[in-house]
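One structure is given here, and the rest of the page talks about it.
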There are 2 protein chains.
Amino acid sequence: MDDSVDASIVAEVARDPRATLAHLSERVGLGVSAVQARLRRLESSGVITGYRAILDPEAVGKPLSAFIEITPLDPSQPDNAPELLEHLPEIEACHSIAGDASYILFVRVATPRDLEALIRDVRLAASVSTRTTVVLQTFYENRPIALASS
Amino acid sequence: MDDSVDASIVAEVARDPRATLAHLSERVGLGVSAVQARLRRLESSGVITGYRAILDPEAVGKPLSAFIEITPLDPSQPDNAPELLEHLPEIEACHSIAGDASYILFVRVATPRDLEALIRDVRLAASVSTRTTVVLQTFYENRPIALASS
DNA sequence: CCTGAAAACCATGCATG
DNA sequence: CATGCATGGTTTTCAGG
């Protein structure tokens with residue numbers, strides 16, 4: 001992201017990825033083609049890595065979410081838990097962390113029983129112990145990243 | 001989300017919110033106008049709550065992320081921490097949780113000093129104690145919600 | 001709730017400055 | 001690196017079933 005024009009494009013597209021080039025164009029004061037070229041460069045250079053629709057978890061049948069902290073059972077073994085867990089679609093995010101646990105997952109499921117099954121799958125797939133914190137209510141999430149220069 | 005056609009539309013749009021109606025149309029076997037009407041209904045009924053571009057946090061100057069668990073200092077007071085913190089743009093998500101803490105935040109900042117300042121802001125704004133877990137590495141995040149029927 | 005078609009709008013590539 | 005234009009594709013609206 002070179003300059004403030006790119007920053008404006010990124011900020012606007014982060015908020016509304018379906019905005020037309022014409023709309024972005026008048027917002028940043030450049031021609032449509034110039035905006036298109038910049039947007040493409042932002043995509044291919046990896047500043048913009050993808051697009052998503054934000055869904056209402058309850059409306060799509062995943063009303064229960066949780067954090068699962070995981071710790072390898074055998075710390076002497078090479079540890080590729082993130083890879084081993086990647087195939088589980090209930091896992092929305094996987095971070096390694098500084099703290100008691102090695103990793104933290106954010107997961108979404110339909111029911112407590114599904115959460116139980118998922119925890120079991122995680123333990124078996126990655127040979128880890130787990131500590132799960134259930135989310136009671138989500139006040140907000142997926143807020144767009146606030147850019148330094150926008 | 002009434003039926004399997006809506007489910008397909010939602011699944012596809014979640015993955016690629018910039019897909020054209022024509023593309024969705026041939027994927028679900030309905031005319032373009034029908035798909036457009038369904039998509040609009042999914043938006044206005046709150047199944048699809050918005051769209052986002054996924055940005056590379058490092059490329060946009062927020063390479064440091066963390067979880068901040070927060071606990072009200074005075075449990076007898078009415079507690080509206082989420083509201084009190086909503087104005088802090090570094091906070092990407094805020095959940096209430098079952099566990100030792102009352103809430104957990106996911107935050108993104110540029111530097112450790114910014115994290116320190118943010119933690120201070122959180123404590124002051126919401127009258128809470130905090131426990132912060134720094135993210136060392138993100139293996140994946142923002143994976144699309146896997147739909148029950150897609 | 002769907003289709004199909006007309007009109008407005010938009011993205012794309014290229015020639016040019 | 002930006003512009004403006006020509007073209008083909010896309011969205012939008014509406015009449016009709």
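Every chain is numbered from 1 and lettered A, B, ... according to where its sequence line falls, protein lines coming before strand lines.
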remark   = With the side chain defined as heavy atoms from C-beta on, B:Arg40 is closest, among D:dT12, D:dT10, D:dA2, to D:dT12
inquiry  = Checking side-chain polar atoms at under 3.5 Å, does A:Tyr103 have a donor or acceptor matched by the opposite partner on B:Gln137?
reply    = no
task = From the options B:Arg108, B:Arg52, B:Lys62, select the one residue that forms a salt bridge (charged side-chain N to carboxylate O under 4.0 Å, His left out) with B:Glu92.
result = B:Arg108
request  = Determine the contact category for A:Ala34: base if any of its heavy atoms lies under 4.0 Å from a base atom, sugar-phosphate if only primed atoms, P, OP1 or OP2 are that close, otherwise nothing.
outcome  = base
inquiry  = Check the phosphate of D:dT10 against A:Arg18, side-chain N and O only, distance under 4.0 Å to OP1 or OP2. Yes or no?
reply    = no
query = Quick one: the side chain of B:Ser33 and the base of D:dT13, do they pair up donor-acceptor inside 3.5 Å?
reply = yes
key: Residues A:Arg113, A:Glu116: salt bridge by 4.0 Å N-O rule   = no
ask   = In whole angstroms, how far is the P atom of D:dA2 from the CG atom of A:Leu24?
value = 14 Å
message = At less than 4.0 Å, is any side-chain N or O atom of B:Gln36 found next to OP1 or OP2 of D:dT12? Yes or no.
response = yes
inquiry  = Aromatic contact between A:Phe67 and B:His95, with the criterion being ring centroids under 6.0 Å apart: yes or no?
reply    = yes
remark   = Residues passing the salt bridge (Lys or Arg N to Asp or Glu O under 4.0 Å) test with A:Arg123, sequence neighbours excluded, are none
message = Considering only residues two or more places apart or on different chains, which pairs with a residue in residues 28-39 of chain A satisfy salt bridge (charged side-chain N to carboxylate O under 4.0 Å, His left out)?
response = A:Asp3-A:Arg38, A:Asp6-A:Arg38
ask   = First contact, last contact: which nucleotides of DNA chain C are these for chain B, 5' to 3', heavy-atom distance under 4.0 Å?
value = C:dC2 to C:dA5
